[in-house]
Amino acid sequence: AILTVVNKIFKPEIVEQPNNQDVTVGNDARFLVIAKGGDLTYQWQENQVNITGATGSEYIHKITKKEDNGKKFRCIISNKAGDVVSAEAVLKIIETEIAPKITKQPQNLTVKENEVASFGITAEGTNLAYQWSRNGATISGADQSTLMITSVTRDDNNAKYACAVKNSAGEVISYAAVLTVHYGPSIAKQPQDNGVKVGEIAEFSVGVTDGNPVKTNIQWYKDGVKLTGKTNEKLVITAVKTDNGNKYSCKISNDAGFVVESRPAELSVYYIEITTPPSSQSVKVGEEAEFEIIARGNPSVLNYQWKKGNI
């Protein structure tokens, strides 16, 4: 039989709609749409008529004229699963440059490691240019009103992102939005196999490196069954019994939902147990007397030494 794996393609979904643009005569107008879904194609329209060559997620309307005032631009995004039409963005042509003004600040954001983080800013003004920064350092190519960070890492935790918006009439800088990245704890030291005698104390321990959030939850298991109350890095088993071959492991998690499981550590219990003791014998003088003992233990190979009296 042949197994054919087909990657499912989802219908396009718009994440960020194109924004209205106010520009002065002779400047470019930039329209951007952000969407998700597989194998996407784009087609921009001006007043619902296809624009030749405008087949990317961004469309730049070059060297605007007075006649462009009021025109509406939208984008059709398609793939094999279907298509979706963006909202219409209106182009306003004005004669005087209007200084930028931020109307919506970027917001603090919390995501999990390897997820996508998206910051946005909304501003008024004409011919606006955007530049994002991370911890005060300029991010190359981050010149749109939306900043998307793909596959964030734990190194991005607590990073601060701000956006400068400017034109020829002035510049304004946004608040710094903080990115919180949640990630899971990890095992720094695995629990090791252990061997003790019956009645002794057995211990297993695990070394944990905290994740984010820092609070770490530990739960020990015996042969896959949860051990009630065993929630510390060290597991102590007092007065072990003859149960042999039990495996102990633990799951480590944090409040963000990350879980990591340790290797199973095996507990070997060493013991000797007499299952059938020798029986008393009565024989005549000169006859043979035979005694037998049956025992078991771990290790299973037993050594025997008979004694007569205390000798």
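Just the heavy atoms: all of them, side chains too, but no hydrogens, waters or symmetry mates, feed the values below. In what follows, residues are counted from 1 in the order of the sequence shown.
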At their closest point, which heavy atom of [X] faces which heavy atom of [Y], and how far apart are they?
| X | Y | answer |
| --- | --- | --- |
| Y183 | E113 | CB-OE1, 3.3 Å |
| G195 | Y270 | C-CE1, 3.7 Å |
| I98 | T126 | N-OG1, 2.7 Å |
| I139 | S133 | CD1-C, 3.8 Å |
| A256 | N212 | CB-O, 4.2 Å |
| G38 | I9 | O-CG2, 3.7 Å |

side-chain contact (heavy atoms from CB on, under 4.5 Å) between L179 and V152, worked out: CA-CA 10 Å; L179 176 59; V152 299; 4.2 Å; yes
Close side-chain approach of [X] and [Y], heavy atoms under 4.5 Å:
| X | Y | answer |
| --- | --- | --- |
| W132 | I121 | yes |
| I201 | V236 | yes |
| E261 | S249 | yes |
| N114 | K112 | no |
| V33 | Y59 | no |
| Y130 | L147 | no |

Donor-acceptor pair, side chain of [X] and main chain of [Y], under 3.5 angstrom:
| X | Y | result |
| --- | --- | --- |
| Q107 | V178 | no |
| N157 | R154 | no |
| Q219 | T231 | no |
| S86 | Q17 | no |
| S174 | C163 | yes |
| N79 | G82 | yes |
| Q192 | Q190 | yes |
| W44 | I60 | no |
| N298 | V269 | yes |
| T24 | I93 | no |

Tell me whether [X] shares a hydrophobic cluster with [Y], the cluster being built from Ile, Leu, Val, Met, Phe, Trp, Tyr side chains joined at under 4.5 Å.
| X | Y | result |
| --- | --- | --- |
| I187 | V259 | no |
| M148 | Y161 | no |
| V84 | F31 | yes |
| V208 | Y221 | no |
| L235 | V225 | no |

Could you tell me whether [X] and [Y] have a side-chain N and a carboxylate O separated by less than 4.0 Å?
| X | Y | answer |
| --- | --- | --- |
| D193 | K247 | no |
| R134 | D156 | yes |
| R30 | E58 | yes |

For a quick check under 3.5 Å, do [X] and [Y] share a side-chain donor-acceptor pair by atom type?
| X | Y | result |
| --- | --- | --- |
| E233 | S205 | no |
| T216 | N254 | no |
| N127 | N167 | no |

Exercise for review: Please test H61 against F73 for ring-ring contact (aromatic ring centres under 6.0 Å, His included), starting from the C-alpha separation and ending with a verdict.
Suggested key: CA-CA 10 Å; H61 191 73; F73 296 84; 5.2 Å; yes
Original post:
Where do F119 and I149 land on the side-chain contact (heavy atoms from CB on, under 4.5 Å) test, with the steps shown first?
Top reply: CA-CA 9 Å; F119 293 98; I149 308 167; 4.1 Å; yes
Could you tell me whether H182 and F258 have their ring centroids closer than 6.0 angstrom? no
**Message:** With side-chain contact (heavy atoms from CB on, under 4.5 Å) as the criterion, how do Q21 and K92 come out once you've worked through the C-alpha distance, each side chain's angles and the decisive distance to 0.1 Å?
**Reply:** CA-CA 6 Å; Q21 297 294 315; K92 181 180 179 181; over 6 Å; no
By side chain to side chain donor-acceptor pair (under 3.5 Å), R74 pairs with (sequence neighbours left out) Q45
Check your understanding: Centre of Y271's six-membered ring, under 6.0 Å away, within 45 degrees of the axis: is that where NZ or CZ of K197 sits?
Key -> no
Task: Evaluation steps, side-chain contact (heavy atoms from CB on, under 4.5 Å), between F204 and I237 - done: CA-CA 9 Å; F204 296 96; I237 306 167; 4.1 Å; yes
